[in-house]
Amino acid sequence: MISTKPLRFPKNFTWGVATAAPQIEGAAFEDGKGESVWDRFSRIPGKVLNGDTLDVANDHYHRYPQDFALMRKLGIKNYRLSLAWPRIYPNGDGEVNPAGIKFYNKLIDSCLKHGITPWVTIFHWDLPQALEDRGGWTSRVTVDAFATYAETVVKALGDRVKNWITLNEIRCFTVQGYSPGCDKAPGRRESAQVVNQTYHHALLCHGHAVKAVRTFGGKGARVGLTDNSAFSVPVTETPADIAAARAWYIDQNAHILEPIYTGRYSAAYLKRTGKDRPVVQKGDLELIGQPTDFLGLNIYTGQFIRAGKGKVRYEELALPADYPRTTCWWLNIMPQAIYWGARFPAEVYGAKAIYITENGCGYDVEPVVNDEVQDLHRRDYVRNYLRELHRAIADGVPVKGYFLWSFMDNFEWQDGYTRRFGIVHVDYKTQKRTPKLSAKWYSTVMAENRIV
Ligand code: NOJ
């Protein structure tokens, strides 16, 4: 007899949703919050689609109780959120803004009251503009300021927050903010050496945050980085293509995962960067290489790789014009990316606990008709990625959780409010929230701990 085998996830698998402060909070200049680099950048004509700003966003700053109530209604038990550094230190360092601490105390209390476990990202791209004015990520001033900020937030919230993420996607606020041709805040054009230095400074901040959690996080506190590694997918699942994809993965992630997991920059990385390598001070690599409790990965897409010929170890395959993608130019639909993206760090770096801290898709046209949004495209996208994640777990990859990006439509950086990633639709004129079909489907997945 033919039967359908349910694709169940392990007991205690963590299911959740994710957002980030600058993308949803709004209240950009309320209660003493300082300006962030994205507040500044979004005001430069031409930088953000339609000139959208973060000023109001989803007004979550005022509506969080209703948003948590909706999460509870959907059966969401874990919520990844971020703290806005300029809300807590309007100038980046110096005086703490008590209203900022008060807000996050209330937010965390409300989250817990709704039966939802918070997973807190300390930094999700909103650098205080005052620090950018003093050099931003090119300067160690930012590292020192971050160390104080991390300590402050862990001390303030650590009695209730037990899951900490140090930084979100280092590449997106370093190379994508400081390289020629980049499209993210602050939009500077720096040399290769300076850009490598920005990574190094971000890694130091990661180290400071780990230290803050270890020192002040209290019992049961856990900490890890969220990385958007470059993810490879072998064109065929044969030993030669898999080895090639693994070699590419190691080369591409040498500057971030290598120092975090081994406490050193690899010889190959140092050779490759030559005179552009980052300047490293005594003690830096020990700080960066402290053990963490998990690796967070934001996995959306990947790069197809096959074995090269002769001495060439691997070959990158360009995607044909008709390859399926979302409305985001960068988001090619490639479910296998989540399989290999989770498997390689376990194999290469020995990552013991992996959380998919983001996965999802963005589209522009998602109309509400009769109070419904039929986003079957998103439902299918997530379902196909979950099948590959399930395969990874079945193959022994230690994946412990999955957070869908995003709980609701929000400010998608340079794409403004045009691109929608939420499983809950947001009408920005009225701030009305409407759970999409994907939200209802995901509720069942979470409740039944299996793909439905
Ligand atoms: C990665 C980022 O962490 C998040 O802020 C962004 O909105 C999503 N990916 C979608 O692009």
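Read the numbers this way: they start at 1 and go in the same order the structure lists the ligands and their atoms. In this chain, residues are counted from 1 in sequence order.
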A.B. asks: Holding to salt bridge (Lys or Arg N to Asp or Glu O under 4.0 Å), I want the full list of residues that pass it with Arg87, two or more places apart in sequence or in another chain.
C.D. replies: Glu25

A.B. asks: Should Arg420 and Asp415 count as an ion pair when the cut-off is N to O under 4.0 Å?
C.D. replies: no

A.B. asks: Measure the spacing between OG1 of Thr53 and CZ of Phe411 and express it to the nearest 0.5 Å.
C.D. replies: 7.0 Å

A.B. asks: For ligand 1, what is the set of protein residues having any non-hydrogen atom at a distance below 4.0 Å?
C.D. replies: Gln23, His124, Trp125, Asn168, Glu169, Asn298, Tyr300, Trp330, Glu358, Trp405, Glu412, Trp413, Phe421

A.B. asks: Take a 6.0 Å sphere around NZ of Lys73 and say whether it holds more than 12 heavy atoms from other residues, nucleotides or ligands.
C.D. replies: no

A.B. asks: Any side-chain donor-acceptor pair under 3.5 Å between Thr226 and Thr357?
C.D. replies: yes

A.B. asks: Go through the steps to decide whether Tyr363 and His377 satisfy the test ring-ring contact (aromatic ring centres under 6.0 Å, His included), and finish with yes or no.
C.D. replies: CA-CA 9 Å; Tyr363 290 91; His377 44 287; 4.5 Å; yes

